[in-house]
Amino acid sequence: MTQIPRSALLLGLAGVLPFIWGALTLYSDSAVALTLETLGPRFIGPYVQLSYGTVILAFMSGVLWGFSTKADGPMAATGYALSVLPALWAFFMVGGGPVSAAINLIVGFIALLGLDFTFWRWGLAPAWWMQLRVLLTTLVVACLLTVVI
């Protein structure tokens, strides 16, 4: 296994903080009070998790698009087509109530992990990519499950 670069690991973990904060505010009245006082209601519970999760799926579409630029011919075309799927999933499937939106985000992040694996197997992602993505996806899905449960 190749070690995840420290900056990628730290920034990836930092990117999970809004999911963790959203989960925390579901269980801590003091976290809710602090958030309401400093940031406002859209940074509480499922609101922050669902809006941020939608942004991250779109962001990951851009990452996969970038990986596709390393390919040529049919592999590049397939990569470009696959890379837009997470953003489209978020656009069409994240809405309605918080539980259904969280379930759809969970499905989106798990499917994204499958796309990550595909791009990694094609040699378009760094050697350490799957180690990072499995870790981050596990944390994100665990946080989103707090909305579902």
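Distance alone, capped at 3.5 Å, places no donor-acceptor pair between the W128 side chain and the P5 backbone. Counting only distance, with no hydrogens or angles, the side chain of T69 and the backbone of G66 share a donor-acceptor pair below 3.5 Å. In this structure a side-chain-to-backbone donor-acceptor pair under 3.5 Å is missing from T146 to A142.
Cluster annotation: L11 is not connected to I56 through the hydrophobic network of ILVMFWY side chains, with a link wherever side-chain heavy atoms come within less than 4.5 Å. By the criterion of side-chain heavy atoms lying less than 4.5 angstrom apart, applied directly or through intervening Ile, Leu, Val, Met, Phe, Trp or Tyr residues, V55 is not grouped with L113; the two fall into different hydrophobic clusters. Under the 4.5 Å side-chain heavy-atom criterion for grouping Ile, Leu, Val, Met, Phe, Trp and Tyr, I20 is not connected to L10 through any hydrophobic cluster. In the hydrophobic clustering of this structure, Y27 does not group with L36; members are Ile, Leu, Val, Met, Phe, Trp, Tyr whose side-chain heavy atoms approach within less than 4.5 Å, directly or through other members. There is no path of hydrophobic side-chain contacts, each under 4.5 Å, that joins V48 to L17.
The shortest side-chain heavy-atom distance between S61 and L85 does not fall under the 4.5 Å cut-off. When side chains are defined from C-beta on, L144 counts as touching F19, because their heavy atoms get closer than 4.5 Å. Two residues are said to be in side-chain contact when any heavy atoms from C-beta on lie closer than 4.5 Å; M75 and L124 meet this criterion. Contact annotation: the side chain of L26 approaches that of P46 to within less than 4.5 Å [non-hydrogen atoms, C-beta and beyond]. Side-chain atoms of W129 and V63, non-hydrogen and from C-beta on, do get closer than 4.5 Å to each other. Between N104 and W89 the shortest side-chain heavy-atom distance falls below 4.5 Å.
Summarising the geometry, atom CE belonging to M93 is positioned 8.5 Å from atom OG belonging to S100; distances are rounded to the nearest 0.5 Å. Here OG1 of T138 is found 9.0 Å from CD1 of I110. Values are rounded to the nearest 0.5 Å. Distance check, rounded to the nearest 0.5 Å: CG of L64 to CG of L112 gives 6.0 Å. Rounded to the nearest 0.5 angstrom, L39 CG and I44 CD1 are separated by 9.0 Å. A distance of 7.5 Å separates CG of L9 from CG of L136, quoted to the nearest 0.5 Å. Interatomic distance, CZ of R133 versus CZ of F119, reported as 12.5 Å (0.5 Å rounding).
Partner of M130 under the side-chain contact (heavy atoms from CB on, under 4.5 Å) criterion, out of L135, D116, T137: D116 alone.
Residues A76 and S68 share a closest heavy-atom pair of CB-O, 4.0 Å. Contact record, V148 with A102: CG2-CB, 3.9 Å, taken as the closest heavy-atom pair. Between I106 and V141 the shortest heavy-atom distance is CG2-CG1, 4.0 Å. Minimum interatomic distance between A8 and I4 (heavy atoms only, all atoms of both residues): CB-CG2, 4.3 Å. In terms of heavy atoms, P98 sits closest to V147 at O-CG1, 3.6 Å. Between G53 and F109, the shortest heavy-atom distance links the atoms O-CZ, 3.7 Å.
Identified under the side chain to side chain donor-acceptor pair (under 3.5 Å) test for residues 32-59, with sequence neighbours left out: W21-T35.
Atom CZ of F92 is surrounded by 12 or fewer heavy atoms from other residues, nucleotides or ligands within 6.0 Å.
Ring pair F67/W122: centre-to-centre distance not below 6.0 Å.
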